[in-house]
Protein chains: 2
Amino acid sequence: MTTLKDLSRALNLSVTQVSRALNDHSDVSEATRERVKIAAKHLNYQPNISARRLVTGRSGLVGLVMSYMSESPQDRQFLDVVGGMSKHFARAGLQFVLHMADPDEDEVSVYRKLVSGGGIDGFVVLDPKINDKRLAYLKKAGVPFVLHGRDCVAPDYPFFDIDNFRVGYELTRHLLEQGHRRIAFLNGSPGRTYVAHRTDGYRAALAEFDVPFVPGLMRNDQMSEGFGIRDTIRLMDKVSQAPTAFIAGNTWIAKGIYEGLRALGLRVPQDVSVVAHDDLLPDVHAGAMLPPLTATESPLHLSWEPLARFLSASLAGTDVSELQSLDAARFVQRGSVAPPVPR
Amino acid sequence: MTTLKDLSRALNLSVTQVSRALNDHSDVSEATRERVKIAAKHLNYQPNISARRLVTGRSGLVGLVMSYMSESPQDRQFLDVVGGMSKHFARAGLQFVLHMADPDEDEVSVYRKLVSGGGIDGFVVLDPKINDKRLAYLKKAGVPFVLHGRDCVAPDYPFFDIDNFRVGYELTRHLLEQGHRRIAFLNGSPGRTYVAHRTDGYRAALAEFDVPFVPGLMRNDQMSEGFGIRDTIRLMDKVSQAPTAFIAGNTWIAKGIYEGLRALGLRVPQDVSVVAHDDLLPDVHAGAMLPPLTATESPLHLSWEPLARFLSASLAGTDVSELQSLDAARFVQRGSVAPPVPR
DNA sequence: CATGCCATCCGAAACGTTTCGGACAACCGG
DNA sequence: CCGGTTGTCCGAAACGTTTCGGATGGCATG
C-alpha cells in the first residue's frame, strides 16, 4: 500500500505538500500539484480512510438504511434504487454502505449506532413518513442527509422531490373537466408524505369545482396490482355511489384497476375513466397498456443521480439552497379518459 | 467524547492498561478490569473505531462488487442477495459496501482500487466464471474473499456452494431410469462454473447408461422464461430428433418450457417430461406449477448467511478448512415425469 | 538598500488506539 | 540469599493523515 510518505520520498517533497497538493489546497504551485497527482496515479495511491477519518471527522462513507420487508412490491425497484445510488456515489469518490435493518429493531437506534460507532458521514433517506422519526433524529443530531421527498413545503435540508400536490391536482382536474364528479383515488400507503401531498392536490381540485370530498373514495394501501383489483371491485359494487373515474397512485395500481374493471365487464374509457401517476417503472408502461393510460409521468430512476450529487455536495459544504430540487411531472394525455356516462 | 486518556486519568492508570482491560487481555488483574469496565460504562466510553482501524489495519468494511446489467432477469434476485448479505454483515459488526461498477470498467481494476486504500477488508464474490479474473487477482493480492460457488473441486479459499455435479447427475439419472434417452438440458449462461459442473454431472449420468452426449441437446443462455420458451420450441421442431425430456437450469426456464410445450399442444408429463433445479426463488414455486415439477431443490436465500459468516470468520483468522460448505440439493419427486412415448 | 509581501514549502504535532519491550515487586524453590 | 518465575503495570512508538505555525527566497515597493 502506498502512503503519503512513499509519495513524498519518491517526489522529494514533504508529506505536507503532497497532502496539500492532492487536496487542492492553495499554497502549492501548479507545477508540483501536477507532478504529485501524476505520481499518485502512477503509484496507485489511495488515501487510508481510517487515518483520514481519525484526524478529520469524515470517513468518505455514506449510508442508506432500509428495512427488510420481504415480498413487498417495492422490492422490484430495489435494484434501481440501490444500484443507481451506488454507481453515482462511486463516481463521487464516496463509498456506499447499505445497511439492512432488522424489521423489529428501532429505526432511530440503527441510525444512532451507525453515526456514533460506524462513522458514517451522511445518509440518503427514502420514503419519508409524516412526522418521520428518522428525520427528527438526523436533524437534531446534526447529521447531514438528503431526502427523497419532502417533510413540508419548504424544508431546510437537501431534498429531491416531484411536485406531488400538482400530480394530485392535475389528474383530478383533468377528470373534473371531462365532467366526472365521483372520482376515486387509489393512493399509496397511509402516512407517506407524498401520499398526503397528492391528497391535498386532489382536494384542492375538487374544491375548485365545488365537488365535496367523499372520504370513501380515497383509498390508501401499499401500491400493488392486488390493491387496484380489490378496491376497484369494492368501489364499483356500491352501484348507486360507484365512481365514474379512477386515479391510480402508480401504474401497478392502474393495471389492477384495468383488470378489476375487465372482470366486472366494464370498458375503459367508455364506462369508466382511469388516470394514473407513472414513475416509468421498468415493468409496466402506461403507454403500452390497453387502452393507453393518461398519466402524469416522472421517471423515478432519474432521482438517484441528484440524490447522490446533493449528498456529496452537502458534505463538501455547498449551501443547502442549491441542493433542493422540485420537479414537475409531465402530463401526458392518452386514451383512458372519456366523459362519464349518465346513470 | 470520552477517550482512553480520559479514562486513564480518572482511574489513575496508564492508557495501556485501560485498553488491555477493556479488551480482556491477560495481564491485567481482575480487580482493575472490573474497575475499568465500570468506569467506561459510567463515562459512556465508545471506542473510536477509526483509531482502532488505523492501528489494526482493518477498516471493518466488506465489499460486494456488481456490474450493472439493466433488465437482466437476475435483477429479481438482487434484493434477496444484497439485502441478505447486508443484514448478516450488520450483525457481525461489519459494514457492507456495495459497489456498482460501470459496465465498461475493467473488473479487476475496480477491486484493485477498493483494496489499495486499505479501504476494504474482504469481498464476497458472486457468480464465478471459468478462469475468473477477479479470483485470480484476489488470490494473488492476498485479499480475503468468500466465493458463492467454486473454482475447482477443492479450492483453498472459503466458499459456499451446492453440489452442482450431483444436481446435473441426479436429474439426468432420474430421467434415464424412466427410460428417456434424448434428454435436453436448458442450462445457464456459458462460462459459469456451476453450469459446467452441472454439465459434467449430466454427462456422467449419460455415460453410465451408455447414452452418447449430443451437443445440440445442451443449450446455454441466460436463465429466463424466454430462453425456456424459445429453445423448447426450437428443439421440438426437429421432429425426428426431438427430446423426450427436458432439464431446466432453474424454475424460470422450467416455466418457459411448460409454456413452450403448451404452445405446441404437448402435455407434461404424458408427451414430454420436465425436471429442473429449484433455487426456491420467491416468484416461481416448482410445487405450485401444473403439473407439479420434479426438481432438485436448494434454497438460494440460505446462501447469504453462511457467506457473510465465512467472510467475517475468515477476517478474524479462522482456518479456511472450517469455512467451506458444500450442500447437497434435495431431490423432490413430483408429477412432471413419465416414461417416454414411443415414436 | 531596507521593508514588506507573496508564493511555496516544511517540521512537528495531533487524532485515539493497540502493542512491543521492559520495569517492578512479590513470591517460590533451592 | 540468590536466580528465576509470575502477576501487574507502564512508557513510548506506531498507524497515515491533516493542519498549525513558521521558514525561505524572490520580487516589487518605498
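Since we're looking at a predicted model, the values are computed, not measured. Just so we're on the same page: letters track the sequence lines, and every chain starts at 1.
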Closest non-hydrogen atom pair between A/Phe145 and A/Pro158, with its separation: O-CD, 3.5 Å
Pair B/Arg134 + B/Asp106: basic N to acidic O under 4.0 Å: no
NZ/NE/NH1/NH2 to OD/OE distance under 4.0 Å, A/Lys87 and B/Asp102: no
Atom CG of B/Asp104 with >12 non-hydrogen neighbours under 6.0 angstrom: yes
End axis versus end axis in the helix from C/dC1-D/dG30 to C/dC27-D/dG4, the angle rounded to 10°, five pairs used at each terminus: 60°
Distance-only donor-acceptor check, side chains A/Thr32 and A/Ser29, under 3.5 Å: yes
Most 5' of B/Thr56 and A/Val55 on DNA chain D, judged by nearest nucleotide: B/Thr56
Comparing A/Leu54 and B/Thr32 on DNA chain D - which has the more 5′ nearest nucleotide: B/Thr32
Near-strand residues of residues 37-45 of chain A, defined as heavy-atom separation under 4.0 angstrom from DNA chain D: A/Tyr45
Proximity to DNA chain D (any heavy atom under 4.0 Å), residues of residues 8-19 of chain A only: A/Val15, A/Thr16, A/Ser19
Distance in angstrom units between B/Asp27 CG and C/dT18 C1', rounded: 13 Å
Contact nearer the 5' end of DNA chain C, comparing B/Ala51 with B/Arg20: B/Ala51
